[in-house]
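Start at 1 with the first residue, then count along the sequence. As a basis for the values below, the full set of heavy atoms in this structure was taken, side chains included, without hydrogen atoms, waters or symmetry mates.
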Amino acid sequence: MSQNKKRPSKSNRRGMMGIAVVVMTLLVVLLIQSQKLIEKNSAYETQKEELKQEIQDEEIRAEEIENLKEYVDSDEYIEKIARDKLGLVYDDEIIFKAEE
């Protein structure tokens, strides 16, 4: 009895080779796409940090505006504007002006 060893036929080898090529191609495409996604993610992280900094800056600015709003509503501000722009004084104040 002789053992009947079957060799893969040429068409079977070509099919396996074709499948291997397709799998390798898919692997290369996936690696390239994953690299692009990593780069995009890095860019988005940078943008996220910049936006966080802008938010902090705007919060500080909003606080300064709120403080200015409170100052504008105060009697001290009103008195300063009345003195500087309108030239008003209290009844018991004496104003000295320098001669020109």
Chemist: Taking all non-hydrogen atoms of both residues, which atom of Y71 and which atom of Y77 are closest, and how far apart?
Modeler: O-CB, 3.0 Å

Chemist: Got a second to check how far K52's NZ is from E50's CD, nearest 0.5 Å?
Modeler: 12.5 Å

Chemist: Would you call E76 and K80 a salt bridge, using N to O less than 4.0 angstrom?
Modeler: no

Chemist: Verify, without hydrogens or angle tests, whether S42 (side chain) and I38 (backbone) share a donor-acceptor contact under 3.5 angstrom.
Modeler: no

Chemist: Any chance you could measure Q33, atom CD, to L26, atom CG, to the nearest 0.5 Å?
Modeler: 11.5 Å

Chemist: Distance check, rounded to the nearest 0.5 Å: E58 atom CD versus I60 atom CD1?
Modeler: 10.0 Å

Chemist: Report yes if some heavy atom in the side chain of E63 is under 4.5 Å from a heavy atom in the side chain of N67; otherwise report no.
Modeler: yes

Chemist: Do Q53 and D57 pass the side-chain hydrogen bond (donor to acceptor under 3.5 Å, both in side chains) test, and can you show the C-alpha distance, the side-chain angles, and the key distance before you say yes or no?
Modeler: CA-CA 6 Å; Q53 184 62 41; D57 293 344; 3.1 Å; yes

Chemist: Looking at E64 and R61, is there a salt bridge between them, counting it only when a charged N and a carboxylate O are closer than 4.0 Å?
Modeler: no

Chemist: Just how far is it from atom CG of L27 to atom CD1 of I32, taken to the nearest 0.5 Å?
Modeler: 10.0 Å

Chemist: Report the distance from atom NZ of K69 to atom CD1 of I65, rounding to the nearest 0.5 Å.
Modeler: 10.5 Å

Chemist: Is the number of heavy atoms from other residues, nucleotides or ligands under 6.0 Å of R14 CZ greater than 12?
Modeler: no

Chemist: What are the two closest heavy atoms between I78 and V72, and how far apart are they?
Modeler: CG1-O, 4.3 Å

Chemist: To the nearest 0.5 Å, how far apart are CD in Q47 and CD in E54?
Modeler: 9.5 Å

